[in-house]
Amino acid sequence: MNIAIIGVGHVGLVTAACLAELGHRVVGLDNDADKIAVLRAGQTPFHEPELPELLAKVTGDGSLTFTNDLAEAVAAAEVVFVCVGTPPLPGGGPDLRFVERVGADVAEHATRELVLVEKSTVPANTGQRLVQVIAREQERRGGDAPAVHVASNPEFLREGAAVADTREPDRIVYGTSSEVALQRLREVYAPMVEAVGCPVVETDVPTAELIKHTSNAFLATRLSFINAVANVCERVGADVQTVAEGMGHDARIGPAFLNAGLGYGGSCFPKDVDAFLHLSRSVGYDFQLLDEVRSINAGQRQLVIDKLSNELWHLAGKTITLLGAAFKPGTDDLREAPAIYLAHQLLAEGAHVRIYDPVALDGVADEVPDAELVHDPLEACRDAHAAVITTEWPEIAGLDPRDLREALGYPIVIDGRNALDAKAAVDAGLHYHGIGRGTVPGSVA
Ligand code: UDX
């Protein structure tokens, strides 16, 4: 298949590389000329495990190429995937102007019958809007404009595991009312379905769009649920990790996504929860549960400030070390990262903030110019008043609590990811505060 991917950000680039690996001829397009130049020079514009090797392979054999020219990319394509950004608007809904632009541009430049597939996270009913945009453009072009069929094929990849998730998805979802689109999507994914044996859900466009919304909103709800449970654990002297383990053995619940901590961040969950809430309100249903999910998530970050203040009273003039900046391990993405929020809060209180991260410090320099950046975790803790574990990188979770005790000026550790062995931390003499670990002898909630 000849495939064009419009927007080579995290989703688009990984999708492009994995579809090329399946044997398709793929062209990746972006209106960011610098990004295309970086990709053409053989570099990867962001940190993502396995991606540099995969890109080297599929660009090396010519199955993946890059261009800035939409007309050129669309001319040869049988299937065009829309992977452009849908950034949040101040009111909570996503900004869909890029999606609209792509719909119109593709309809304008189509030279043969093609399928336009939404992959960006978009609210239900965006598909209908695309049909309208395409019809408008085709009417302008006149009677001989080739057909453009619309489909939704949401992605579920996680940053840091994006290549593995795309190569071996838990499921593939096709939403369309067009038989041509359905056949082509089946053809695109046939080698993957054959190799991995993953389930395929075939449905209409709005249902596919909702599957994406609800998957992310449900996972975010699960995280806020366990974080709320952690708050109760702290008050009754229970251990949230053991509670989660006990719950997770129930086959109906399962063990994944039950780690209490600083809450979710990243480019998807915060934006998608807002967008789903906005969508449900706009169609007349007030999905209040999602409001609560957001507020529990926000509370987890404030909890760290409260725990620090309980130990140190005033934070002004104190040195606080944040261990980890990325919103989770395996990525250099700082979007909605709890560490960035905390850095700004602490600086506003007059604290001196030091930050360590194994890959994300370049971005931190732009986001938090007043923070001191340190390339070694123990050096970052040297003589500090307290350390906060904000990302559970192996470089951080693997620290020996005795070394932390030795480095810190005051032995205070707020473990926002429950990454350390609490007992070992207490035995090493740390004032150890986990999240919802009320039963660790010697630890303080
Ligand atoms: C998420 C979805 O998992 C993915 O399917 C979708 O396509 C995009 O959004 P991602 O944002 O990359 O992926 O991160 P994910 O690994 O899902 O983690 C999201 C957030 O939840 C992170 O901030 C992580 O630290 C947090 N998290 C996750 C927890 O706090 N506890 C957990 O048990 C799991």
Side-chain angles (χ1 to χ4, degrees), residues 9-12 14-15 18 46-49 51 83 85-86 94 118-122 153-166 168-173 208-209 211-230 240-241 243-245 247-248 253-276 293-294 296-301 303-304 324-342 357 360 389-393 396-397 415-419 434-436:
H10 224 110
V11 171
V14 174
T15 304
C18 291
F46 46 81
H47 178 85
E48 183 61 51
L51 188 57
C83 301
T86 54
E118 313 163 349
K119 222 176 210 330
S120 305
T121 308
V122 291
N153 168 226
E155 56 73 29
F156 302 98
L157 58 85
R158 291 163 301 167
E159 290 184 23
V163 173
D165 283 354
T166 308
E168 293 187 33
D170 289 341
R171 79 295 211 185
I172 301 177
V173 177
E209 290 168 335
I211 289 171
K212 172 67 186 177
H213 269 312
T214 49
S215 298
N216 277 357
F218 184 80
L219 289 169
T221 304
R222 200 170 152 102
L223 291 181
S224 282
F225 180 83
I226 201 66
N227 281 328
V229 170
V240 71
Q241 290 187 302
V243 170
E245 187 192 337
M247 285 166 62
I253 297 174
F257 253 72
L258 285 176
N259 291 327
L262 282 173
Y264 57 79
S267 66
C268 288
F269 283 178
K271 183 179 73 133
D272 289 355
V273 170
D274 283 3
F276 194 30
V293 167
R294 299 172 68 208
I296 292 169
N297 198 55
Q300 291 308 102
R301 297 169 182 202
L303 198 58
V304 170
F327 82 95
K328 64 170 191 175
T331 177
D332 57 358
D333 198 336
L334 299 171
R335 285 175 285 181
E336 299 285 336
I340 300 300
Y341 169 88
L342 288 173
D357 191 282
I389 298 183
T390 29
T391 317
E392 66 278 32
W393 284 103
I396 295 166
D415 186 353
R417 296 295 182 182
N418 288 344
I435 305 286

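As the structure is a computational prediction, the values presented were derived from the model and not from experiment. As the structure lists them, so they are numbered: ligands from 1, and atoms in each ligand from 1.
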Nearest-option assignment for atom 14 (O) of ligand 1, heavy atoms, candidates Lys328, Glu155, Arg158 = Lys328
Would you call the rings of His10 and Phe46 parallel, tilted or perpendicular if under 30° counts as parallel and over 60° as perpendicular?
-> parallel
Check step by step if side chain to side chain contact (heavy atoms under 4.5 Å, CB included) holds for Glu155 and Thr166.
-> CA-CA 8 Å; Glu155 56 73 29; Thr166 308; over 6 Å; no
Give the intermediate values and the outcome of side chain to side chain contact (heavy atoms under 4.5 Å, CB included) for residues Phe327 and Glu336.
-> CA-CA 7 Å; Phe327 82 95; Glu336 299 285 336; over 6 Å; no
Looking only at distance, does Leu219 have an N or O less than 3.5 Å from an N or O of ligand 1?
-> no
If you count the non-hydrogen atoms of other residues, nucleotides and ligands that lie under 6.0 Å from CZ in Phe156, is the total more than 12?
-> yes
Closest protein heavy atom to atom 30 (O) of ligand 1, given as residue, atom name and distance to 0.1 Å | Arg417 NH1, 3.6 Å
Could an N or O of ligand 1 be found under 3.5 Å from any N or O of Asn259, whether backbone or side chain?
-> yes
Check the pair Asp357 / Leu334 against side chain to side chain contact (heavy atoms under 4.5 Å, CB included), numbers first and verdict last.
-> CA-CA 11 Å; Asp357 191 282; Leu334 299 171; 5.9 Å; no
Would you please determine whether Gly266 falls within less than 4.0 Å of ligand 1 on a heavy-atom basis?
-> no
Under 3.5 Å between some N or O of ligand 1 and some N or O of Leu157?
-> yes
N/O separation below 3.5 Å, Ser267 to ligand 1 = no
Any N or O of Lys212 that comes nearer than 3.5 Å to an N or O of ligand 1?
-> yes
Going by heavy atoms, is Gly261 under 4.0 Å from ligand 1?
-> no
Over 60° means perpendicular and under 30° means parallel, so classify the ring planes of Phe276 and His213, tilted if in between.
-> parallel
Taking Glu48 for the side chain and Ala161 for the main chain, is one N or O donor matched with an acceptor at less than 3.5 Å?
-> yes
Give yes if a backbone or side-chain nitrogen or oxygen of Tyr264 is under 3.5 Å from a nitrogen or oxygen of ligand 1, and no if not.
-> no
Check: Gly266 main-chain N/O paired with Arg335 side-chain donor or acceptor under 3.5 Å = no
Purely on distance, is any nitrogen or oxygen of Phe269 under 3.5 Å from one on ligand 1?
-> no
Note: heavy atom closest to atom 23 (O) of ligand 1, options Ser215, Gly330, Ala337, Gly265, belongs to Gly265
